[in-house]
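These notes are about the structure you will find just below.
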Amino acid sequence: MYDAIIIGSGPNGLAAAIALAQKGLSVKVFEAAATVGGGTRTQELTLPGFHHDVCSAIHPMAVGSPFLKTLPLEQYGLEWIHPAYPLAHPLDDEPAVIMHRSLNDTIQELGADARAYHALFAPYIEHWEELAPELLSPLNSLPSHPLLMSKFGLRALRSAEGLADTWFQTKRAKALFAGLAAHSILPLDQISTSAIGLVLGIIGHKIGWPLPKGGSHKITKALAAHFESLGGEIETEAKIETLRELPQAKVILFGNTPKQILRIAGNQLPDSYAHKLRSFKYGAGVFKIDIALGGPIPWKDERCGQAGTVHLGGTLHEIVQSERQIGQGVCPQKPYVLLTQQSMFDSSRAPVGKHTVWAYCHVPNGSTQDMTEPILRQIERFAPGFRDLMLDYHTMNTSAMEAYNPNYIGGDINGGRQDITQLFTRPAGLLNPYNIPGTSMFICSSSTPPGGGVHGMCGYHAAQAALKYLGTKQG
Ligand SMILES: Cc1cc2nc3c(=O)[nH]c(=O)nc-3n(C[C@H](O)[C@H](O)[C@H](O)COP(=O)(O)OP(=O)(O)OC[C@H]3O[C@@H](n4cnc5c(N)ncnc54)[C@H](O)[C@@H]3O)c2cc1C
């Protein structure tokens with residue numbers, strides 16, 4: 001009998017496992033795939049010697065995570081690389097907008113919007129250490145910094161389109177903010193889409209947007225090694241289809257999303273809770289392309305080559321249009337594309353002189369449309385001659401995404417739609433979102449607050465809920 005069993009070895013499952021093992025509990029993790037990692041694996045998807053991040057690539061949330069930063073992950077080989085610039089946002093016929101780590105250097109890029117940009121981000125950059133634990137927690141406690149949180153909330157609750165249009169005057173600042181906010185994978189006229197833009201901007205300036213040396217897999221490999229050093233057990237190639245397959249345990253934590261939990265736990269869920277899980281909404285999907293390149297990307301603006309991430313979508317209006325179409329069930333012909341170029345900063349990713357390119361765009365949930373051409377056109381727009389350097393490429397549509405990781409329902413990489421109705425209380429609209437009421441089961445995946453991203457905070461909070469439950473039982 002184990003104290004705790006965890007299904008899924010993504011960053012949240014492993015964070016939960018560590019938080020429980022730290023308290024001396026016996027913990028076992030079951031993972032369907034052959035290796036741990038969930039959304040953080042790195043593989044030779046194209047040619048030998050080209051190491052591509054299959055899912056996540058850039059990790060400000062991991063470095064800024066209040067829980068992960070307490071762990072000795074560097075002892076297990078995790079090393080962060082900071083590109084010269086966290087982000088570049090190229091525009092037609094003018095220099096790209098560069099988001100520097102330095103706020104002051106960034107405002108030099110923004111002309112008439114220098115003061116506005118400073119006013120939007122500076123108060124929160126200064127107070128990120130207080131803000132982070134609040135933002136990365138469920139809503140079940142009063143904020144310890146209510147004034148700071150309410151000021152942040154007033155801006156964060158706005159639509160990104162509305163905020164960018166009214167706060168800024170210039171095309172450059174509007175486009176930069178739209179690119180940040182479009183990480184929400186929501187139409188940008190929806191309320192609260194500013195929140196993601198603000199958080200990513202704040203941590204871009206406070207922490208940077210780093211990548212792990214050797215690939216994203218290094219993060220979960222380090223988490224797994226640390227967990228095992230605490231006495232934890234991991235079994236891979238063990239896809240759990242029903243609870244009957246599991247050994248006995250005092251608590252079970254699901255690193256899965258509602259659809260899978262309904263299937264695995266079936267009739268052991270309270271009826272009203274199962275009903276809520278059935279109403280859970282999944283978000284848009286992604287189409288991803290990984291490319292082996294014969295040289296660096298020939299950016300029109302050479303500074304883009306020094307940025308870890310490049311947002312290819314053009315103006316605020318274009319990005320709004322692209323994300324709106326996805327909300328309407330249409331694949332955009334001019335998609336907003338997120339591109340990273342890890343090998344520019346990490347020589348272990350590709351053979352000498354060659355490079356890896358990671359790029360994806362949003363598509364309607366479940367879409368199987370091939371977005372290779374629209375993505376390549378957006379890259380060529382800002383880097384003419386790019387296609388001539390392509391040696392090989394590998395694509396994944398939403399079905400391939402879900403086949404790769406059963407948590408990506410319809411290609412949704414965030415474990416559910418992150419809109420205002422679900423963001424803080426997902427998956428069942430409860431203030432304590434981790435417990436499955438009346439059972440010894442918990443949810444620790446990104447389907448709980450604070451949602452998608454590699455930060456482990458869903459796992460950490462779920463582990464705290466499980467520890468509280470076990471404490472009550474013993475008491
Ligand atoms: C293309 C893409 C790009 C992304 N980019 C970034 C990025 O740059 N930065 C960032 O922070 N985040 C990024 N993300 C999101 C991030 O990867 C996820 O939010 C994060 O991995 C979620 O962690 P998790 O532990 O909740 O679930 P996952 O990482 O999805 O892990 C779930 C694990 O559970 C296993 N599993 C599922 N069902 C079962 C079962 N029945 N039995 C046993 N095991 C099971 C799966 O195999 C998987 O290993 C990206 C994701 C994708 C797909």
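All ligand and atom numbering here is 1-based and tracks the order in the structure. What you see is a predicted model, and the numbers here were worked out from it, not measured in a lab.
- Closest heavy-atom approach to atom 42 (N) of ligand 1 among the candidates I240, T236, V454: I240.
- Looking at S446 against ligand 1, both its backbone and its side chain come within 4.0 Å, counting heavy atoms.
- Annotation for Y460: atom OH does not count as buried by contact number, only 12 or fewer foreign heavy atoms lying within 6.0 Å.
- At a heavy-atom distance under 4.0 Å, atoms from both the backbone and the side chain of E31 approach ligand 1.
- With 3.5 Å as the limit, one finds no donor-acceptor pair spanning the side chains of D419 and Q190.
- Residue contacts with ligand 1: N405 is placed with a nitrogen or oxygen under 3.5 Å of a nitrogen or oxygen of the ligand (distance criterion only).
- Taking 4.0 Å as the cut-off between side-chain N and carboxylate O, D3 and K23 do not count as a salt-bridged pair.
- Using a 4.0 Å heavy-atom cutoff, A238 is listed among the residues neighbouring ligand 1.
- Between G452 and ligand 1, not a single N/O pair is under 3.5 Å apart.
- Applying the 6.0 Å contact sphere to NZ of K468 captures no more than 12 heavy atoms from other residues, nucleotides or ligands.
- Within the set S9, G39, S445, P11, the minimum heavy-atom distance to atom 23 (O) of ligand 1 is found for P11.
- Residue I58 has at least one N or O atom closer than 3.5 Å to an N or O atom of ligand 1.
- In this structure, a donor-acceptor pair under 3.5 Å is present between the side chains of H355 and S343.
- Neither the backbone nor the side chain of F254 has any atom closer than 4.0 Å to an atom of ligand 1 (non-hydrogen atoms only).
- By the criterion of a heavy-atom distance under 4.0 Å, neither the backbone nor the side chain of C444 is placed next to ligand 1.
- Polar contact check, G38 against ligand 1: a nitrogen or oxygen pair lies under 3.5 Å apart.
- At most 12 non-hydrogen atoms from other residues, nucleotides or ligands lie less than 6.0 angstrom from CD of Q248.
- No hydrogens or angles considered: a donor-acceptor pair under 3.5 Å links the side chains of T220 and T40.
- The part of N407 lying near ligand 1 is the side chain, judged by heavy-atom distances below 4.0 Å.
- The aromatic rings of Y124 and F152 lie perpendicular to each other, with more than 60° between the two planes, well past the 30° mark.
- Backbone and side-chain nitrogen or oxygen atoms of M401 are examined, and none is located within less than 3.5 angstrom of a nitrogen or oxygen of ligand 1.
- Contacts between E245 and ligand 1 below 4.0 angstrom, taking non-hydrogen atoms only, are absent altogether.
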**OP:** Start with the C-alpha gap between Q306 and R303, add the side-chain angles, then the distance that decides, and say whether side-chain hydrogen bond (donor to acceptor under 3.5 Å, both in side chains) holds.
**Re:** CA-CA 5 Å; Q306 293 308 308; R303 293 192 309 165; over 6 Å; no
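- For residues 213-267, the pairs satisfying ring pair (Phe, Tyr, Trp, His ring centres under 6.0 Å) are Y76-H226, with sequence neighbours left out.
- Here the shortest heavy-atom distance to atom 19 (O) of ligand 1, taken over C55, G8, G453, belongs to G453.
- When heavy-atom distances to ligand 1 are checked against a 4.0 Å cut-off, N12 comes that close through both its backbone and its side chain.
- Contact annotation: for I264 versus ligand 1, heavy atoms closer than 4.0 Å belong to the side chain alone.
- At a heavy-atom cutoff of 4.0 Å, ligand 1 is contacted by the side chain of N256 but not by its backbone.
- At the shortest separation from atom 14 (N) of ligand 1 among protein heavy atoms lies S56 CB, 3.7 Å.
- Aromatic ring orientation, H362 versus Y336: tilted (interplanar angle from 30° to 60°).
- Contact annotation: for E241 versus ligand 1, there are no heavy atoms closer than 4.0 Å.
- Taking OG from S56 and CH2 from W358, the interatomic distance works out to 8.0 Å, rounded to the nearest 0.5 Å.
- Given atom 53 (C) of ligand 1, the protein heavy atom at minimum distance is I413 CG2, 3.1 Å.
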